[in-house]
Amino acid sequence: MDFKTIYITLGSNCNFKCSYCMQRYGIQREICNSESFDKIKFFIENSNVEKIMLWGGEPLLYWGKILKLVPYIYSVKPDCRINMITNGSLLTEDKVSFINEYNIGVGLSHDGEKTVFTRGKDVLEDQNIMTLFKQIKSKGICCVISAVNQDIYDIWAYYDKLFPEGITVNFDMLKDFHDIKFLNFFDYEKFNETVRNIASGFAEAAYREDFEAREYHFFNNHVEILNNILKKDKRTFHLKCGVMSSAVNIDFSGNILLCKNSDIIIGHVDDILSAKENFKTYIKVPEICTGCRFYTICDPAGCVIENAEMKMRSCKLNTIVYNAFFEGIGIWQKKMMNLA
């Protein structure tokens, strides 16, 4: 079993109602897991997994499951990274202590200064939550870019003030294109300018081999995909998330889910090949994508729970990012040629 990442869905309930959450579209009925994870033990123990994501809903709502699952994972896969993404509202001292004991990586769902607009509540305004979050050893921010917070430099500056010691910020592009507040006023021209500036910083960082620079980190996934293509790596896939290629989404009962944000069951861990075949039926690549120059590096199938309209609107943002990325590669190449 060659899956490097396993998403384990603990349950689909959440105590937040973020209006652009993909699970509002992908999960039509509650995912209720068994309290026992015996049915996935063999799968985990015999996998080549490098990272396990504790997934929700809101993972901290399922703390009892986490208390049982994490020590087991640690005992059978001590070198495996364990991560979760959380809204942070349910953090307590006991939870932070446990998280640090097992070095669980925590990504906080937070959208910068405009978080209260996008998520309804900004947990970092709660001094107690802020204190607890800062105590977590391995942490970062998971930020969704939309019309209300599209200036990435502003976001970086905002977190620099909150975390002067530094913190990693990972970005995702908004995929809910039906909420006029969050995308319909998106300034694509300004976003293009912003991302091109980041690409210039990316080139400088690559030239200096400063792979920790945030401009480099912004394009890190694109670098990895490009490297796979140059190596003719057969694991290069249509979906950036790598589902059913390098990643798999399962629940405690061993069901394989279509997507980490879906309740559709495509198979069971006892029969991976059948699940992979079932998964293929959900891959829909728009005809317009086949002639695109970014076809190889992009994810032309889009997210498997996106509809056709969402895919086309995602394309508009993706094109801006890809253009900037290759512009950055060109700047880096010129610098290297001058050095030679």
Side-chain angles (χ1 to χ4, degrees), residues 4 112 140-147 149-160 163-164 166-175 186-242 245-246 285-286 288-302 311-340:
K4 300 301 181 185
I141 300 292
C142 298
C143 180
V144 176
I145 298 297
S146 65
N149 68 337
Q150 67 177 71
D151 192 319
I152 293 165
Y153 285 101
D154 281 351
I155 294 172
W156 278 332
Y158 172 79
Y159 288 119
D160 284 346
F163 302 95
I167 193 167
T168 299
V169 183
N170 297 303
F171 294 98
D172 283 316
M173 298 300 168
L174 180 67
K175 288 188 179 294
F186 204 96
D187 188 334
Y188 292 97
E189 184 175 338
K190 182 179 179 181
F191 184 67
N192 179 56
E193 181 181 344
T194 298
V195 178
R196 289 184 67 192
N197 287 336
I198 295 173
S200 179
F202 159 79
E204 292 286 347
Y207 177 71
R208 300 191 311 268
E209 297 187 357
D210 181 7
F211 305 126
E212 300 301 317
R214 56 190 176 191
E215 290 88 352
Y216 189 93
H217 181 76
F218 182 86
F219 287 111
N220 188 58
N221 287 340
H222 301 82
V223 172
E224 290 182 2
I225 293 171
L226 184 59
N227 282 338
N228 284 341
I229 294 168
L230 295 175
K231 291 186 297 185
K232 297 182 179 179
D233 192 325
K234 299 301 182 183
R235 289 179 299 165
T236 301
F237 34 77
H238 277 303
L239 297 176
K240 287 179 187 173
C241 63
S245 176
S246 63
V285 179
I288 193 173
C289 293
T290 56
C292 177
R293 65 193 181 103
F294 299 131
Y295 180 84
T296 308
I297 196 170
C298 186
D299 53 344
K311 287 177 182 177
M312 288 300 95
R313 297 199 181 204
S314 291
C315 176
K316 192 170 183 177
L317 284 172
N318 286 342
T319 299
I320 291 173
V321 175
Y322 298 140
N323 271 322
F325 171 64
F326 283 106
E327 183 176 317
I329 291 290
I331 296 171
W332 169 77
Q333 288 177 326
K334 288 180 180 178
K335 286 180 173 291
M336 295 302 292
M337 289 174 64
N338 290 336
L339 180 64

Engineer: Which pair of heavy atoms, one from A324 and one from A199, lies closest together, and at what distance?
Structural biologist: O-CB, 3.0 Å
Engineer: Find out whether Y158 and V169 are in side-chain contact, i.e. whether some heavy atom of one side chain is under 4.5 Å from a heavy atom of the other.
Structural biologist: no
Engineer: Would you indicate whether the side-chain heavy atoms of D210 and Y216 approach each other to under 4.5 Å?
Structural biologist: no
Engineer: To the closest 0.5 Å, what do you measure between NZ (K334) and OH (Y207)?
Structural biologist: 15.0 Å
Engineer: Quick one: does Y188's side chain have a donor or acceptor within less than 3.5 Å of a partner on L317's backbone?
Structural biologist: no
Engineer: Let me confirm one number: the CE-CZ distance from M173 to F191, rounded to the nearest 0.5 Å.
Structural biologist: 3.5 Å
Engineer: Evaluate side-chain contact (heavy atoms from CB on, under 4.5 Å) for N318 paired with F294, printing each intermediate quantity in order.
Structural biologist: CA-CA 9 Å; N318 286 342; F294 299 131; over 6 Å; no
Engineer: Does the side chain of F211 come within less than 4.5 Å of N220's, by heavy atoms?
Structural biologist: no
Engineer: Would F202 and F218 count as a close aromatic pair, with their ring centres under 6.0 Å?
Structural biologist: no
Engineer: Counting only heavy atoms not in R196, do more than 12 sit closer than 6.0 Å to its CZ atom?
Structural biologist: no
Engineer: Find out whether D160 and R214 are in side-chain contact, i.e. whether some heavy atom of one side chain is under 4.5 Å from a heavy atom of the other.
Structural biologist: yes
Engineer: Check for a donor-acceptor pair, side chain of Q150 on one end and backbone N or O of D187 on the other, with a separation under 3.5 Å.
Structural biologist: yes
Engineer: So, do D151 and E193 sit near enough that their side-chain heavy atoms are less than 4.5 Å apart?
Structural biologist: no
Engineer: Heavy atoms, side chains only, cut-off 4.5 Å: are I152 and F171 in contact?
Structural biologist: yes
Engineer: Checking V195 against N323 for the side-chain contact (heavy atoms from CB on, under 4.5 Å) test, could you report, in this order, the C-alpha distance in whole Å, the side-chain angles of both residues, the deciding distance, and whether it holds?
Structural biologist: CA-CA 9 Å; V195 178; N323 271 322; over 6 Å; no
Engineer: Donor-acceptor pair, N338 side chain versus K335 backbone, under 3.5 Å?
Structural biologist: no
Engineer: Counting C-beta onward and ignoring hydrogens, is there a side-chain heavy-atom pair between T168 and F163 closer than 4.5 Å?
Structural biologist: no
Engineer: Does N197 form a side-chain contact (heavy atoms from CB on, under 4.5 Å) with E215? I'd like the steps, not just the answer.
Structural biologist: CA-CA 9 Å; N197 287 336; E215 290 88 352; over 6 Å; no
Engineer: Between the main-chain N or O of H222 and the side-chain N or O of Y322, is there a donor-acceptor pair closer than 3.5 Å?
Structural biologist: no
Engineer: So, the side chain of N149 versus the backbone of V144: is there a donor-acceptor pair under 3.5 Å, distance only?
Structural biologist: yes
Engineer: Heavy atoms, side chains only, cut-off 4.5 Å: are F325 and V223 in contact?
Structural biologist: yes
Engineer: Above 12 or not: heavy atoms from other molecules or residues under 6.0 Å from CH2 of W332?
Structural biologist: no
Engineer: For G140 and I167, work out which heavy atoms get closest and say how close.
Structural biologist: CA-CG1, 3.9 Å
